[in-house]
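These notes are about the structure you will find just below.
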Amino acid sequence: MGNRGTILFIASLFLTLSIEARAGITVHAAEVGVAKFHRHDNSVHPYSSDNIWAAFIAPDEFKFESVPFTRKNSNGSYTIIFATLEDLAQSMIKVAHEAQDTIDVFNINGHGAPGVMWFPKDQKTMNSFSCSDWVEAAKGGDEANYNQYYSAVSKEDIMMIRYFAEQISATIPCTVGLKEWQAAAQKFPDLKNIFSDNGVAHFVSCTVGLGKRGDSFSKGMASVFFHSSKGRVETSLPLGLGDWSMPEGMGFWDYLTDEQLEHDNKIYVENKRDRDIMQKGSVRVGYLAGLRGEESAIVANRDFMFLDGHETHDILVPWVPARTSNSIRPMRVRIPGTKVHAAVSYR
């Protein structure tokens, strides 16, 4: 099948998915530090009832020791606030079993980098030195999590993220990627059986879908969650935006020019408003393709990653890896949305 035929096939597949009636439940999962960010953001700019981020707000009485925390929302969706992947996996399974239904829309919100999200896989890892920066942020006050979110990002930070995105053998401490999810699925076999056949998982996090690492993660997660080719995993290529000013869903931001970066950084730290710097963005879609195995495509020119399961896929393009130099191997990578520069190691 040529490129044109492949594009038409993928477009047809996802058009069908976008118009199918949705069934099952919606689960919103928030990493504990992000839940605290939304709680403080809501105290400064109260979220409207139709703001998608309202589901990620930690309740007033919530403390770090409350994790894992689960609630059923007034619209029938569920919220899980978690610290570790094992907490999250077990909570997802419990919610699906108690609801006696499958998960149709799964939204996981946290800080990330290409191919990974920044939180520990289990309690033992959380208690290790490798997670000391994460623990400090997760146990920190709401305002501390709020202020680090609205911090400037340098051109060097962004370039290091882009270089890291092409390094398949690289690792960052205290992160969860495909390998950790696969191990969780082996430990908790029901994880693969709680999703609807045409479900969607949104990894609501910066740059998780970027580069070779993002491609591998997105495709692999389709196998972790789904049995059917109708299921899909969505990840963002650029940095994500998701504060009070973005009620529709996650927006996008990236480095374009030096002048744009200087302008955006200046107004961002002063105004603390994501919408002021939003751009068009690209989303990676990972899915199962029958005999062809796991595949991914790029949805370009999106305004938002919508989190209600009603995606519209206008143009899908099969992903072709960019020609990049592997000679630049970053030793540290900024975790977007935080002030942490995590050490990178190579196998």
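A quick note: this is a predicted structure, and the numbers were derived from the prediction, not measured.
Residues Ile158 and Asp254 have side chains in contact (heavy-atom distance under 4.5 Å, counting atoms from C-beta outward). Here the side chains of Pro336 and Ile161 are in contact, with some heavy-atom distance below 4.5 Å. Contact of the Asp41 side chain with the Asp142 side chain is not registered, since no non-hydrogen atoms from C-beta on lie closer than 4.5 Å. Within the 4.5 Å cutoff, side-chain heavy atoms of Ser216 are placed close to those of Leu178. For the pair Glu248/Ile52, no side-chain contact is recorded, criterion being any heavy-atom separation below 4.5 Å from C-beta on.
Checking each of Thr84, Leu85, Val32 against Phe119 for a side chain to side chain contact (heavy atoms under 4.5 Å, CB included) leaves exactly one that passes, namely Leu85. Of the candidates Phe56, Trp134, Trp118, Trp134 is the only one forming a side chain to side chain contact (heavy atoms under 4.5 Å, CB included) with Glu31. Checking Met126, Lys187, Glu180 one by one against Glu86, the side chain to side chain contact (heavy atoms under 4.5 Å, CB included) holds for a single residue, Lys187. Among Phe306, Phe304, Phe203, Phe252, the one residue that satisfies the side chain to side chain contact (heavy atoms under 4.5 Å, CB included) test with Val283 is Phe252.
Of all heavy-atom pairs between Pro330 and Val344, the closest is O-CB, 3.5 Å. For Ser282 against Ala300, the heavy-atom pair with the smallest separation is OG-CA, 3.8 Å. Scanning both residues, Ala222 and Val233, for their nearest heavy atoms gives N-CG2, 3.7 Å. Heavy atoms only, all atoms of each residue included: His341 and Arg332 are closest at O-NH2, 2.7 Å. Between Ala113 and Phe164, the shortest heavy-atom contact is CB-CE2, 4.4 Å. Residue Ile108 comes nearest to Phe82 through the heavy atom pair CD1-CZ, 4.0 Å, listed as atom of the first residue, atom of the second, then distance.
Side-chain N or O atoms of Lys230 include none that pairs as donor or acceptor with a backbone N or O of Gly199 at under 3.5 Å. In this structure a side-chain-to-backbone donor-acceptor pair under 3.5 Å is present from Lys36 to Gly140. Here the side chain of Trp53 pairs a donor or acceptor atom with the backbone of Met246 at under 3.5 angstrom. Judged by distance alone, the side chain of Glu234 and the main-chain N or O of Val200 form no donor-acceptor pair under 3.5 Å. Judged by distance alone, the side chain of Ser296 and the main-chain N or O of Lys219 form no donor-acceptor pair under 3.5 Å. In terms of modelled atom types and a separation under 3.5 Å, the side chain of Asp122 and the main chain of Thr125 share a donor-acceptor contact. Using modelled atom types, one side-chain atom of Arg213 and one backbone atom of Pro114 make a donor-acceptor pair closer than 3.5 Å. Using a distance-only test at 3.5 Å, with no hydrogens or angles considered, a donor-acceptor pair links the side chain of Ser236 to the main chain of Pro238. Panel note: side chain Arg334, backbone Thr338; a donor-acceptor pair is recorded below 3.5 Å. When atom types are taken as modelled, the side chain of Thr79 and the backbone of Ala55 share a donor-acceptor pair closer than 3.5 angstrom.
Between Ser48 and Asn51, the side chains place no donor N or O within less than 3.5 Å of an acceptor N or O (distance only, hydrogens not considered). With hydrogens and angles left out, the side-chain atoms of His38 and Asn109 include a donor and acceptor closer than 3.5 Å. For the residue pair Ser218 and Thr235, a side-chain donor N or O sits within less than 3.5 Å of a side-chain acceptor on the partner. With no hydrogens or angles considered, a side-chain donor-acceptor pair links Ser245 and Asp243 at under 3.5 Å. Side chains of Tyr255 and Asp264: no donor on one and acceptor on the other come within 3.5 Å.
Note that CD1 of Ile81 is 5.5 Å distant from CZ of Phe69, once rounded to the nearest 0.5 Å. A distance of 10.0 Å separates NE2 in His227 from CG in Leu288, rounded to the nearest 0.5 Å. For the atom pair Arg284 CZ and Phe217 CZ, the distance stands at 11.5 Å (nearest 0.5 Å). Remark: Ile103 CD1 to Asn193 CG distance equals 11.5 Å, nearest 0.5 Å. In this structure, the separation between CD on Glu166 and CG on Asp215 is 10.0 Å, given to the nearest 0.5 Å. Rounded to the nearest 0.5 Å, atoms CG (Leu307) and CG (Asn107) are 4.5 Å apart.
Surrounding NZ of Lys124 are at most 12 heavy atoms belonging to other residues, nucleotides or ligands under 6.0 Å away. Other residues, nucleotides and ligands place no more than 12 heavy atoms under 6.0 Å from the NZ atom of Lys139. The 12-atom threshold is not exceeded at CD of Glu136, counting heavy atoms of other residues, nucleotides or ligands nearer than 6.0 Å. Around OH of Tyr346, the count of heavy atoms belonging to other residues, nucleotides or ligands within 6.0 Å exceeds 12. Other residues, nucleotides and ligands contribute only 12 or fewer heavy atoms inside 6.0 Å of the CD atom of Glu156. Within a 6.0 Å sphere centred on NE2 of His45, other residues, nucleotides and ligands contribute more than 12 heavy atoms. For NZ of Lys280, the number of neighbouring non-hydrogen atoms (other residues, nucleotides, ligands) closer than 6.0 Å is greater than 12. No more than 12 heavy-atom neighbours from other residues, nucleotides or ligands sit within 6.0 angstrom of CD on Glu262.
With a 6.0 Å cutoff to the six-membered ring centre and a 45° limit on the axis angle, Arg39 does not count as a cation-pi contact of Phe62.
Connection of Phe226 to Met92 is established within a shared hydrophobic cluster, with ILVMFWY side chains joined at heavy-atom distances below 4.5 Å, either directly or through further cluster members. Taken together through direct or relayed side-chain contacts under 4.5 Å among Ile, Leu, Val, Met, Phe, Trp and Tyr, Trp253 and Leu256 form parts of separate hydrophobic clusters. Transitive grouping of hydrophobic side chains (ILVMFWY, heavy atoms separated by less than 4.5 Å) brings Ile267 and Leu241 into a common cluster. Using a 4.5 Å cut-off between side-chain heavy atoms of Ile, Leu, Val, Met, Phe, Trp and Tyr, with links allowed through other members, Val34 and Ile80 fall into different hydrophobic clusters. The cluster map of Ile, Leu, Val, Met, Phe, Trp and Tyr, joined by side-chain heavy atoms under 4.5 Å apart, puts Ile277 and Val44 in the same cluster.
Checked against the 6.0 Å centroid criterion, the rings of Trp181 and Phe225 qualify as a close aromatic pair.
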Please step through side-chain contact (heavy atoms from CB on, under 4.5 Å) for the pair Thr102 and Ile194, ending with a clear verdict. CA-CA 5 Å; Thr102 54; Ile194 59 175; 6.0 Å; no
Do Gln167 and Arg329 pass the side-chain contact (heavy atoms from CB on, under 4.5 Å) test, and can you show the C-alpha distance, the side-chain angles, and the key distance before you say yes or no? CA-CA 7 Å; Gln167 304 296 329; Arg329 288 157 53 106; 3.8 Å; yes
Criterion side-chain contact (heavy atoms from CB on, under 4.5 Å) on Tyr163 and Val333, from CA distance to verdict: CA-CA 9 Å; Tyr163 292 133; Val333 169; over 6 Å; no
Could you walk me through whether His28 and Thr26 pass side-chain contact (heavy atoms from CB on, under 4.5 Å), step by step? CA-CA 7 Å; His28 307 283; Thr26 295; 3.6 Å; yes
